[in-house]
Amino acid sequence: MTVYTPRGLRLRVKADHAFALMARLYPKVDAFKVLKMTEGLELIPSLLGTVTGLVCFAFRLDPFFIGVFAFMATGIGGLITSYGFYIFPGIPTLGVWYSYFHGFGLYSAIIAVTGLLLLGWKAVIFFFIGRILATLIDNHIFGFIEMKLMHKLTGLAYTSSERNFFNAYRLHANKLGKDLNFTVTDEEVREENWKPVYEDLVMKWPKVASRCDNK
């Protein structure tokens with residue numbers, strides 16, 4: 001069984017390990033909330049980039065500086081997710097709400113229409129160039145470095161998706177006063193320990209659970 005988030009983000013964490021961690025939070029926090037927050041954390045760079053772009057359009061900045069600020073905001077978002085440095089508590093929650101409408105081209109359309117109406121096509125192009133460059137640097141340079149480091153420490157090639165899952169667990173665990181350690185015991189990975197968490201997911205969100213079953 002492979003673990004997927006509600007929108008289909010694959011997690012390269014063994015299912016028994018992932019559900020064992022979520023079992024520590026259950027029933028106050030169910031599996032769906034952890035998996036949904038994983039998506040929210042994944043989208044923080046996009047969230048900050050989009051908000052920054054709209055603010056820049058509203059203040060009618062020069063297109064070049066719009067690109068610079070979009071690059072900086074997206075890059076900062078990448079650093080926040082890379083190091084789990086959530087100094088502003090509301091950012092993870094905003095990321096979760098942002099994730100509900102992500103993937104339909106809605107945010108790109110809003111950026112494009114707003115930019116064209118207020119400043120013209122150059123502003124839109126510079127915005128997307130800045131955001132794309134920051135994303136490429138984050139994924140292909142810092143992401144690669146982090147993956148190599150995690151492989152050296154754990155022997156597993158974890159990507160940003162797994163990192164965000166662990167951070168989502170950590171954020172919920174911290175609120176509940178639970179163990180922040182990602183290591184699970186042999187007792188915790190026994191199916192009888194985490195099965196109620198999985199069955200709860202099946203009952204409440206059958207489509208999400210079926211995706212895990214079928215892939």
Side-chain angles (χ1 to χ4, degrees), residues 1-15 17-26 28-52 73-111 131-132 134-135 138-139 142-143 146-147 150 157-176 182 194 197-198 200-215:
M1 182 169 67
T2 303
V3 181
Y4 285 82
T5 66
R7 297 292 296 276
L9 182 66
R10 181 187 177 189
L11 303 179
R12 299 180 184 178
V13 182
K14 290 183 178 180
H17 188 164
F19 280 99
L21 287 175
M22 292 187 282
R24 295 176 182 173
L25 310 174
Y26 186 77
K28 291 186 177 180
V29 175
D30 60 17
F32 181 85
K33 288 182 179 179
V34 179
L35 296 175
K36 194 61 185 172
M37 179 165 282
T38 301
E39 293 179 342
L41 299 184
E42 186 90 1
L43 291 173
I44 284 177
S46 177
L47 166 66
L48 295 184
T50 298
V51 171
T52 299
T74 305
I76 290 171
L79 292 175
I80 289 174
T81 57
S82 291
Y83 296 99
F85 195 51
Y86 306 109
I87 55 175
F88 301 107
I91 288 182
T93 301
L94 288 175
V96 171
W97 284 108
Y98 183 85
S99 71
Y100 279 101
F101 302 98
H102 185 266
F104 305 104
L106 176 63
Y107 297 119
S108 294
I110 291 174
I111 284 288
R131 193 167 73 172
I132 290 170
T135 301
D138 180 50
N139 291 342
F142 293 111
E146 183 183 8
M147 186 173 66
M150 290 299 294
Y158 286 146
T159 65
S160 63
S161 301
E162 292 76 50
R163 175 196 66 212
N164 289 322
F165 169 73
F166 289 130
N167 281 334
Y169 163 77
R170 179 173 60 84
L171 288 169
H172 284 296
N174 187 55
K175 288 183 180 180
L176 298 178
F182 302 139
W194 55 262
V197 183
Y198 175 70
D200 179 74
L201 183 67
V202 172
M203 181 179 67
K204 294 179 179 176
W205 303 93
K207 289 185 179 180
V208 178
S210 65
R211 185 181 291 117
C212 296
D213 279 336
N214 296 331
K215 296 184 181 181

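Side chains are part of it too, since the values below use all heavy atoms of this structure and drop only hydrogens, waters and symmetry mates. Quick caveat, the model's predicted, so the values are computed rather than measured. Throughout, numbering of the chain's residues begins at 1 and tracks the sequence.
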Could I get the full list of salt bridge (charged side-chain N to carboxylate O under 4.0 Å, His left out) partners for R170, not counting sequence neighbours? none
First locate atom OG1 of T74, then atom CD1 of I44, and finally report the distance between them rounded to the nearest 0.5 Å. 12.5 Å
Min side-chain heavy-atom separation F165-T5 under 4.5 Å: no
Would you please name every residue forming a salt bridge (charged side-chain N to carboxylate O under 4.0 Å, His left out) with D200, sequence neighbours left out? K204
With sequence neighbours left out, what residues match A173 under side chain to side chain contact (heavy atoms under 4.5 Å, CB included)? L25, Y169, K178, L180
All salt bridge (charged side-chain N to carboxylate O under 4.0 Å, His left out) counterparts of R163, not counting sequence neighbours: E146
State which residues pass ring-ring contact (aromatic ring centres under 6.0 Å, His included) with F32; sequence neighbours excluded, sorted by chain then number. W205
Test item: T81 and P45 side chains (from C-beta on) under 4.5 Å apart, heavy atoms: yes
Heavy-atom side-chain proximity of L171 to L41 below 4.5 angstrom: yes
Roughly how far, to the nearest 0.5 Å, is CG of L47 from OG1 of T52? 8.5 Å
Got a second to check how far T38's OG1 is from Y4's OH, nearest 0.5 Å? 14.5 Å
S161 and R12, any side-chain heavy atoms less than 4.5 Å apart: no
To the nearest 0.5 Å, atom NE2 of H172 lies from atom CE of M37 at 4.0 Å
Under 3.5 Å, is there a donor-acceptor pair between the side chain of R7 and the main chain of E39? no
Is any side-chain heavy atom of I80 less than 4.5 Å from a side-chain heavy atom of Y86? yes
How many angstroms lie between CZ in F19 and CG in L201, if you round to the nearest 0.5 Å? 5.5 Å
Just distance, no hydrogens or angles: give the donor-acceptor pairs under 3.5 Å from side chains in residues 100-110, sequence neighbours left out.
{"residue": "Y107", "atom": "OH", "partner": "Y98", "partner atom": "O", "Å": "2.9"}

With a 4.5 Å cut-off on side-chain heavy atoms, are D138 and S82 touching? yes
Nearest-0.5 Å distance, CH2 of residue W97 to NZ of residue K36: 10.0 Å
